[in-house]
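Shown next, in structure tokens, is the structure this report addresses.
Predicted model only: the values in this text are computed from it and were never measured. Atoms within each ligand, like the ligands themselves, are counted from 1 in listed order. The figures that follow rest on heavy atoms only: side chains count, while hydrogens, waters and symmetry mates do not.
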Amino acid sequence: MRNLKQLKEEIAELKQELRAIIIAHNYQRPEVQDIADFVGDSLELSRQCTEVNARTIVFCGVRFMAETAAILNPDRTVLLSEGSAGCPLADMISIDALREWKQRCPGASVVCYVNSSAEIKAESNICCTSANGVRVVDSVANDDVLFVPDQNLGHYVSTQTKKRLILYPGFCYVHHRLKPAQVKLAKRLHPEAQVLVHPECTPEVIALADAALSTSQMLHYAKASSHNSFIIGTEEGILHRLRQENPDKSFYLISNGQICTEMKKTTLETLARTMRLRQNIVTVPEEVRVKAKQAVDQMLAI
Ligand code: 13P
Ligand code: SF4
């Protein structure tokens, strides 16, 4: 077993060898975030993938994120730091289910959350993230919008737009299981704190919050705010940057169950092994990639 210092040295050497950039999501383990060249939310990571000057992109996150990088970068090699890391929300919709829903809503534009497979993106008009859902939905041609696969983000967007949203019933288990009673208890324990939650939380939880924000929007909000304490309703990995960037402010989770086990599969060991063995290469069939890229490009253009 290599110690932390040796692992970091090996990753640095492999980075040179592979001419690689390491990109990590805000939910990754602190030591993984610290070694990455760029850390962000899904929208920032998608944008970052269009700007890389590297031969290899090593993605520390879950599969749909690495797939988005592969969709945008056909000429680069994309490695997923832990090959089995998926997103249970993204897996809740199959291509057959989407086609069936499309048939039932023939006059609707299809907006897919970025937490979806390349195949689902290829079958959608445009993609969105938690940071730009309202702008994306407002940009589509039709008044009716089929929104897949996250019902909670879709519901949140529906409260901010004139479009009529038809919601596919998917959800993220980490956010969906947060309960209003837990938020109320956290508010009683920290009455001075602002409540920031992710739009993947239920409408009942969002109703109790001061703001519903993507992970990076939470970071901007906490930094700019004159408040000194915050109750956080998203995956616990966000605490690392929140505390690093705001050493004088306090952050509390709503519950102790805010852990995405898929995001936590990546460790410095899995990252080093993936790079050493050049394994977990993520590819998307060209036919699917070209169509999926249109949905992602449309989003990045607005
Ligand atoms: P963000 O785009 O807000 O970082 O969210 C990604 C995600 O997977 C939320 O569960
Ligand atoms: Fe998917 Fe939820 Fe994990 Fe985000 S937190 S990657 S939506 S399972």
Taking the non-hydrogen atoms of Cys172, is any one of them nearer than 4.0 angstrom to ligand 1?
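Distance cut 4.0 Å: Cys172 fails for ligand 1.
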Judged by non-hydrogen atoms, does His175 sit under 4.0 Å from ligand 1?
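His175 counts as a contact of ligand 1 under the 4.0 Å cut-off.
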[atom] [closest protein heavy-atom partner, distance rounded to 0.1 Å]:
atom	answer
atom 7 (S) of ligand 2	Asn115 ND2, 3.2 Å
atom 8 (O) of ligand 1	Asn115 ND2, 3.2 Å
atom 8 (S) of ligand 2	Pro88 CD, 3.4 Å
atom 5 (O) of ligand 1	His198 NE2, 3.3 Å
atom 1 (Fe) of ligand 2	Cys87 SG, 2.4 Å
atom 6 (C) of ligand 1	Ser42 OG, 3.4 Å
atom 3 (Fe) of ligand 2	Cys260 SG, 2.4 Å

For atom NE2 of His155, decide whether the heavy atoms of other residues, nucleotides or ligands shown that lie under 6.0 angstrom number more than 12.
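No, not enclosed.
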Can you confirm whether Lys102 is buried at NZ, in the sense that more than 12 heavy atoms of other residues, nucleotides or ligands lie under 6.0 Å from that atom?
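Correct, the count exceeds 12.
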Option whose closest heavy atom lies nearest to atom 9 (C) of ligand 1, chosen from Glu200, His25, Glu44
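Residue with the shortest heavy-atom distance to the ligand atom: Glu200.
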Result of checking Glu119, Lys293, Glu67 against Val284 for side chain to side chain contact (heavy atoms under 4.5 Å, CB included)
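That would be Glu67; it is the only one of Glu119, Lys293, Glu67 passing the side chain to side chain contact (heavy atoms under 4.5 Å, CB included) with Val284.
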Under a 4.0 angstrom heavy-atom cut-off, which atoms of ligand 1 come close to Ser214?
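In order of number, 3 (O).
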What part of Glu262 sits under 4.0 Å from ligand 2 if we count only heavy atoms: the side chain, the backbone, both or neither?
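No part of Glu262 comes within reach of ligand 2.
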Can you tell me if Tyr27 has a non-hydrogen atom under 4.0 Å from ligand 2?
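Within the 4.0 Å threshold, so yes.
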Should Leu79 and Gln279 count as side-chain neighbours, where that means a heavy-atom distance under 4.5 Å?
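The answer is no; the side chains never approach within 4.5 Å.
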Would you check whether Thr129 has a nitrogen or oxygen atom less than 3.5 angstrom from a nitrogen or oxygen atom of ligand 1?
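No - when backbone and side-chain N and O of Thr129 are compared with those of ligand 1, no distance drops under 3.5 Å.
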Would Asp41 and Thr215 count as having a side-chain donor-acceptor pair, cut-off 3.5 Å?
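Note: Asp41 and Thr215 side chains miss the donor-acceptor criterion.
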